[in-house]
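Reviewing the structure listed below.
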Amino acid sequence: MSTSEPSSSNFIKTIIDEDLESGKYQKVITRFPPEPNGYLHIGHAKSICLNFGLATEYKGRCNLRFDDTNPTKEDDEYVEAIKEDVQWLGFDWGKEPLFASDYFEQLYQWALQLIKKGKAYVDSQNAEEMRVNRGTLTQAGTDSPYRNRSVEENLELFEKMKNGDFPDGSHILRAKIDMAAPNMNLRDPAMYRILHAQHHRTGDKWCIYPMYDFAHGQEDSIEGVTHSICTLEFEDHRPLYEWFLKELEIYSPQQIEFARLNLSYTVMSKRKLLQLVNDQHVEGWDDPRMPTVSGMRRRGYPAAAIRSFCERIGVGRSASWIDLSVLEDCVREQLNETAFRRQAVLNPLKVTITNYDKIEQLDAPNHPQQPERGSRKLPMSNELWIDRDDFMEDPPSKKKYFRLGPEREVRLRNSYIIKCEDFIKDENGEVVELKCSADLDTLGKNPEGRKVKGIIHWVSAQHAVKVPVRIYDRLFNQENPDKAENYLSALNPDSLQVTEALAEPSLLEAKAGETFQFERVGYFTVDSKDSAAEKPVFNRAVTLRDTWAKMK
RNA sequence: UGGGGCGUCGCCAAGCGGUAAGGCACCGGAUUUUGAUUCCGGCAUUCCCAGGUUCGAUCCCUGGCGCCCCAGCCA
């Protein structure tokens, strides 16, 4: 499956090691429990790598379980997308994925059990009344007037709720715990609400649906999960998680919380990502600018890069902010190994080689560090395109600059060394063409007596193919978009720039999903949606590291 | 001002009473037909602050300070 992931220690492994050693558990069973109400994002990837990673490392199992307890927000489209993403990330959940909805009957029976035990009651206050009577952070709540209904009455009302005799919101099943509890979650939390909604799997079979708190622990219990790993916000829910399992007298897994991922220049809430999609600020969940797994896949981020990112950032309990550049660096790390090298010019400047009048098919390696991966033919002629950035009429520092300039020499990547003899300007004073001479004795070898440090990429004008290229930048231009008055105001208007590249002809054969390094520029992936045979459209996954840009 | 957490290098993160791992970033230097990659070297006398216990504290105690989460019939 995935390559070697050494994986450093973290506090969760310490807990598991202790549990294994003390004999509390003999095996490790985890689970990844997404709600199918949106696409997976990089934050989910962290949880996936953690949960599946632990299962692999301890030779246990990790279940993929859809937490589909709220039919008003869930959809099969999301189920399918989530399955694809988990698989693509390189993980295996075994036979079939599991669903909370498969446990609805059992959950219902358990609710009856708590009612009979006097631990649950049907409340008939409306939502507003419940809110008011819940109290505040510093004031205890007050008991509902319906709190002491008899078991019989509760049973009867709950039965009617189940049968669909009541409209949404008219009644609710609550756990009878303590309206004065300092932990708000224990102030008689809701267990079941009435929802006359079509469920993506059970259709209209149910009119009542369990709340997260009344479902999650029992789901874990049914599946024999040993370590139920979730994010920090659920820490306050743990006493409730344990309360239900204890009152139900069933096996109680251990919940462990870790800090969720925060990535700079992006938002991570599904609600906001959904809004970006619905309001068409992006082209869809898999828009290459989205922090979704599918967006990153389309952008050209390899699964291995996402895994190594998750390994690199570690797992802890303190709120952490990871810079987007860390992710990009993981992408480079992978792509540098795997991507074939090609030449393409994004911002063309014409060059005429004055002493060269033939056409040659030069040999250029697919990957200089991996010669066994072969080579391709690179056509060379006397009219070329190079990148505008590689010429300066007046270089700043004679010493530090080693690109093209008047009287300067430079190596054409995979070709000859050329010297700029002259340059031509248009009426606006802009350089439009360079006249260069080539040292014809420098193909595949260095000249004697002088060193030419600069190397530039190029493409033969008559052979070049025009290909659409999409340059992506961060979706937001504020480090923490959530800190803006409205996160939408932090959207980067220039996050997508559509342009064209003049590319070497071999790139015409590029297949959807393939990634190439355009030498000295960056990594570009053939878009899987908008490309056709012989008509590749390229997405820039990430630039190359550029220390020269930093020096300037 | 109720409850639950967190605070170790610029960013993550080990450490669990015996004298500060590692990764990334950064800074040097070497190799290089990608100013990329690779390679070598450097990079916390100090662990939010102040007291205390101890032969010895990042780890224990006390008191501060700062930050995060909780008042959905969302998960």
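In what follows, chains carry the letters A, B, and so on, assigned in the order in which the sequence lines appear, proteins first and then strands, with residues in each chain numbered from 1.
- For an aromatic pair to be called close, the ring centres must be under 6.0 Å apart, and H199(A) with F104(A) satisfies this.
- Of the candidates rA75(B), rG35(B), rC73(B), the closest approach to any side-chain atom of T547(A) belongs to rG35(B).
- Partners of P379(A) under the side chain to side chain contact (heavy atoms under 4.5 Å, CB included) rule, at least two apart in sequence or in another chain, are Q361(A), H463(A), P505(A).
- Evaluation of the side chain to side chain contact (heavy atoms under 4.5 Å, CB included) rule for D363(A) yields S375(A), K377(A) as partners, not counting sequence neighbours.
- A pairwise comparison of heavy atoms in H171(A) and R149(A) identifies ND1-NH2, 4.3 Å as the closest pair.
- Interface residues of residues 443-456 of chain A facing RNA chain B, ordered by number: L443(A), G444(A), K445(A), K453(A), I455(A); criterion, heavy-atom separation under 4.0 Å.
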Pairs under 3.5 angstrom, nitrogen or oxygen only, protein versus nucleotides 64-71 of chain B, please.
residue : atom : partner : partner atom : Å
rA71(B) : O2'  : R134(A) : NE           : 3.3

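- Residue order along RNA chain B, read from the 5' end via each residue's closest nucleotide, puts S320(A) first among L195(A) and S320(A).
- Of the candidate nucleotides rC74(B), rG35(B), rU37(B), rC74(B) has the atom lying nearest to any side-chain atom of M211(A).
- The side chain of K73(A) has rC74(B) as its nearest neighbour among rA14(B), rA36(B), rC74(B).
- Taking every heavy atom of residues 337-345 of chain A and every atom of RNA chain B, pairs under 4.0 Å involve R341(A), by number.
- For the C1' atoms, the distance from rC47(B) to rU19(B) is 13 Å, rounded to whole Å.
- If you look at F516(A) and F524(A), their ring centroids are not closer than 6.0 Å.
- rC59(B) makes up no base pair with any nucleotide shown, lacking Watson-Crick or G-U wobble contacts both under 3.5 Å.
- In terms of the side-chain hydrogen bond (donor to acceptor under 3.5 Å, both in side chains) criterion, Y301(A) has no residue partners (sequence neighbours excluded).
- Judged as a side chain to side chain contact (heavy atoms under 4.5 Å, CB included), and not counting sequence neighbours, the contacts of L50(A) are I12(A), L54(A), I229(A), F258(A), V315(A).
- The only member of D387(A), L378(A), I386(A), L502(A) that meets side-chain contact (heavy atoms from CB on, under 4.5 Å) when paired with V459(A) is L502(A).
- Annotation: rC9(B) and rG15(B) have their C1' atoms spaced 15 Å apart (nearest Å).
- Nucleotides rC67(B) and rC26(B) have their C1' atoms positioned 27 Å apart, rounded to a whole Å.
- Sequence order on RNA chain B of the closest nucleotides to D546(A) and D123(A) puts D546(A) first from the 5' end.
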In B/S/- notation, 5' to 3', how is nucleotides 20-30 of chain B contacted by protein heavy atoms closer than 4.0 Å?
---SSSS----
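- The aromatic ring centroids of F99(A) and F66(A) lie less than 6.0 Å from each other.
- In this structure rG7(B) sits in the anti conformation; its chi angle is more than 90° from 0.
- For Y523(A) and F538(A), the gap between ring centers reaches or exceeds 6.0 Å.
- Not less than 6.0 angstrom separates the ring centroid of Y192(A) from the ring centroid of Y209(A).
- The side-chain ring of Y212(A) is not stacked on the base of rA75(B), judged by centre separation under 5.5 angstrom and plane angle under 30 degrees.
- With sequence neighbours left out, the side chain to side chain contact (heavy atoms under 4.5 Å, CB included) criterion links N70(A) to E35(A), T72(A), K73(A), E74(A), R193(A), L195(A).
- E311(A) contributes no side-chain N or O that forms a donor-acceptor pair with the base of rA13(B) under 3.5 Å.
- Using a 3.5 Å distance cut-off with no hydrogens or angles, the side chains of Y241(A) and D220(A) do pair a donor with an acceptor.
- For Y487(A), the side-chain hydrogen bond (donor to acceptor under 3.5 Å, both in side chains) test picks out Q275(A), with sequence neighbours left out.
- The shortest non-hydrogen separation linking R373(A) to N366(A) is O-ND2, 2.9 Å.
- Here R317(A) pairs with E235(A), E257(A) under the salt bridge (charged side-chain N to carboxylate O under 4.0 Å, His left out) rule; sequence neighbours left out.
- Near RNA chain B, defined here as any heavy-atom distance below 4.0 Å, there are no residues from residues 262-272 of chain A.
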